[in-house]
Amino acid sequence: MTMKKISLWGITAILTALFCGCSGSKTSTDEEYIAFIQEILTSAYQEEASPEPFNNAFDRNDFAQRIIALGDIPASSKKELVEFLESYFQPGDDLLRKVKEDGAEYQLLKFYRQNDTAHALFRLYNGGISMEDWTLVTRKNQIYVADICNVISGLNWSDEWNMNACLYLSIQSDHFFLFEKLIGINQLVGQEAYAQADSLYTWVEQACQTNLYAQVLRLNLVSQSQSFDSLGRYAEHFLQLFPAHEDIIHFYLLQNAIHNGAMPQVDSLCKRLEQDWGYDPIYFLYKAWGYKAAEQLPESMRMLDSLIAYMPLVYDFYNYKLDLYDEMDDDEGFVRQLEKTDELFSASEEDIPFYESTYPNRVKSAAYREWKQKHLVKLAAENQP
């Protein structure tokens with residue numbers, strides 16, 4: 001089903017709160033960084049959106065130097081690397097695709113400094129949840145994004161574009177082959193082929209003891225395939241290797257607790273992540289998933305209603321409610337939710353086939369058939385030239 005467009009939730013309010021929350025010692029540099037971030041994100045959510053603010057947010061020469069520092073591409077190839085990045089590295093175009101086609105919702109959680117380097121931490125929702133930590137720098141009075149780390153995977157954009165550039169420049173190395181294997185293992189985890197992923201990981205484990213992405217991949221694998229206690233033991237090992245990344249441990253402990261419907265752990269870990277990353281209404285979604293796994297469906301519904309109060313234009317959340325009505329065998333609630341969805345979102349030709357294949361037990365009622373006829377009229381009206 002096509003994701004409907006949603007707006008950037010609360011970006012102006014969050015930025016205002018950051019300004020107001022600063023002490024008297026805030027610097028103009030902080031204000032410039034915040035304004036830079038606001039320009040990028042608001043431009044992506046305008047009706048006539050532009051990719052240029054984010055496309056121009058990276059210094060290609062500096063980004064190329066970060067890639068060369070990884071050791072795969074020789075400094076003698078920098079000119080070719082910069083030309084490759086200028087042609088293919090267009091983050092603004094990717095941002096607009098996420099926003100306009102996938103309905104991505106960015107939430108700025110906090111702006112902070114670490115070792116005198118400015119950072120902006122975002123949560124991104126576009127069906128899945130990811131965290132992006134932008135490293136910001138100023139050179140010659142111009143602000144740039146130096147790199148972006150996907151916090152939940154431990155993978156930097158410079159790592160990904162190093163892989164892309166190696167393929168483009170036909171450069172192969174031990175580091176390149178290691179990342180290639182890790183990406184393959186990650187795909188197996190996504191396919192829930194946990195035993196196969198675990199077996200392949202043992203072949204590369206010794207080569208990546210200090211590789212953050214590799215160790216986070218292992219953390220994710222253990223989180224999805226083993227018990228909470230087993231994950232806790234591996235988390236201790238992970239923390240010894242990467243003491244500055246305790247927040248990643250909290251996330252994967254939460255993922256495991258949600259899967260098992262362990263609500264005391266879900267609640268406590270949401271509080272820990274709020275301390276790590278700042279307040280975010282998405283915690284209501286984590287709790288809704290946990291209650292659903294625990295088969296406490298009314299509580300799950302209550303969490304979704306709280307989430308929608310903060311983020312009312314995310315289409316997925318209404319389908320999550322349909323899932324609950326289906327599990328509760330509630331035909332009336334199911335149809336009421338369809339009617340509410342029709343009030344908020346445009347109709348699609350994919351809607352009815354999706355509902356009837358996904359919820360076969362709900363589409364037999366007279367109430368559903370009545371809604372279906374109204375929905376077809378709505379679809380026809382919206383498609384008139």
Side-chain angles (χ1 to χ4, degrees), residues 54 57-58 62-73 81 84-85 88-91 94-95 97-98 102 104 106 109 114 117 119-136 145-168 171-191 197-198 200-201 204-205 207-224 234-235 238-239 241-252 254-255 273 276-277:
F54 202 32
F58 286 79
D62 178 70
F63 196 56
Q65 196 59 48
R66 284 179 169 265
I67 291 172
I68 287 171
L70 296 173
D72 291 328
I73 299 173
L81 176 58
F84 165 74
L85 292 173
Y88 296 101
F89 181 55
Q90 301 297 330
D94 292 337
L95 176 62
R97 278 194 291 272
K98 290 177 183 176
D102 299 337
Y106 280 83
L109 298 182
Q114 187 176 57
T117 300
H119 288 263
L121 182 69
F122 297 87
R123 185 262 303 140
L124 169 63
Y125 179 86
N126 60 338
I129 298 169
S130 62
M131 304 287 299
E132 291 184 354
D133 192 324
W134 297 12
T135 300
L136 306 171
V145 179
D147 207 346
I148 293 178
C149 177
N150 185 314
V151 176
I152 293 174
S153 73
L155 191 64
N156 292 314
W157 282 25
S158 53
D159 293 316
E160 295 185 58
W161 280 91
N162 175 64
M163 293 288 293
N164 294 336
C166 283
L167 288 170
Y168 180 79
I171 294 173
Q172 298 179 341
S173 68
D174 290 342
H175 180 263
F176 172 83
F177 285 123
L178 174 62
F179 262 79
E180 192 174 49
K181 288 183 174 65
L182 292 172
I183 290 170
I185 294 169
N186 190 44
Q187 290 173 343
L188 289 172
V189 175
Q191 297 164 6
D198 185 68
L200 290 177
Y201 190 89
V204 300
E205 190 167 12
C208 52
Q209 286 297 308
T210 60
N211 185 303
L212 178 61
Y213 173 59
Q215 295 300 326
V216 172
L217 175 57
R218 180 68 171 177
L219 197 64
N220 184 33
L221 174 58
V222 174
S223 170
Q224 296 197 49
Y234 184 76
F238 179 92
L239 192 57
L241 296 173
F242 305 103
H245 292 282
E246 189 174 1
D247 56 338
I248 297 179
I249 291 175
H250 297 155
F251 175 83
Y252 284 104
L254 173 61
Q255 178 176 274
L273 282 177
D276 295 334
W277 292 341

For side-chain contact (heavy atoms from CB on, under 4.5 Å), just list the numbers for Leu155 and Glu160, CA-CA rounded to whole Å, side-chain angles, deciding distance to a tenth of an Å, and then say yes or no.
CA-CA 7 Å; Leu155 191 64; Glu160 295 185 58; 3.4 Å; yes

For Tyr234 and Leu221: C-alpha separation, side-chain torsions, deciding distance, then whether side-chain contact (heavy atoms from CB on, under 4.5 Å) applies.
CA-CA 11 Å; Tyr234 184 76; Leu221 174 58; over 6 Å; no

Flag, side chain of Gln215 to backbone of Cys208, donor-acceptor distance under 3.5 Å
yes

Tell me whether the centres of the aromatic rings in Trp161 and Phe89 are closer together than 6.0 Å.
yes

Can you name the nearest heavy-atom pair linking Thr117 to Leu136, along with the distance?
CG2-O, 4.0 Å

Find out whether Thr135 and Asn156 are in side-chain contact, i.e. whether some heavy atom of one side chain is under 4.5 Å from a heavy atom of the other.
no

What pair of heavy atoms forms the shortest contact from Cys166 to Asp72, and how long is it?
SG-CB, 3.7 Å

Any side-chain heavy atom of Trp277 sitting closer than 4.5 Å to one from Asp247?
yes

Where Gln209 and Leu241 come nearest, the two heavy atoms and their spacing:
O-CD1, 3.5 Å

Does the side chain of Asn150 come under 3.5 Å of the side chain of Ser130 through a donor N or O and an acceptor N or O?
no

For Ala104 and Leu124, work out which heavy atoms get closest and say how close.
CB-CD1, 3.6 Å

For the residue pair Trp134 and Phe54, does the interplanar ring angle fall in the parallel (under 30°), tilted (30 to 60°) or perpendicular (over 60°) class?
parallel

Phe179 and Asn211 have their tightest heavy-atom pair at CE1-ND2, 3.5 Å

Would you please name every residue forming a side-chain contact (heavy atoms from CB on, under 4.5 Å) with Leu239, sequence neighbours left out?
Glu246, Ile249

So, using side-chain contact (heavy atoms from CB on, under 4.5 Å) as the criterion, who are the partners of Leu70 when residues are at least two apart?
Asp159, Asn162

Please list, chain by chain and in numerical order, all residues satisfying side-chain contact (heavy atoms from CB on, under 4.5 Å) with Ile183, sequence neighbours excluded.
Met163, Gln187, Tyr213

What distance separates Asn164 CG from Trp157 CH2, expressed to the nearest 0.5 Å?
12.0 Å

Would you check if the side chain of Asp133 reaches a backbone N or O of Val151 as a donor-acceptor pair within less than 3.5 Å?
no

Parallel, tilted or perpendicular, as decided by the 30° and 60° cut-offs, for the rings of Phe84 and Tyr88:
tilted

As an exercise, state the distance from CG of Leu212 to OG of Ser153, rounded to the nearest 0.5 Å.
8.0 Å

Have Gln224 and Asn220 got a donor and an acceptor in their side chains that come within less than 3.5 Å?
yes

About how many Å separate CD of Gln90 and CZ of Arg97, when rounded to the nearest 0.5 Å?
9.5 Å

Heavy-atom distance under 4.5 Å between the side chains of Leu95 and Tyr106, does that happen here?
yes

If you take all heavy atoms of Leu178 and Ala207, which pair is closest and at what distance?
CD2-O, 3.9 Å

Just so I know, are the side chains of Val216 and Phe238 near enough to count as touching, which here means a heavy-atom distance under 4.5 Å?
yes

Backbone of Ile152 reached by a side-chain donor or acceptor of Tyr252 within 3.5 Å:
yes

So CG of Leu121 and CG of Leu109: to nearest 0.5 Å the spacing works out to 5.0 Å

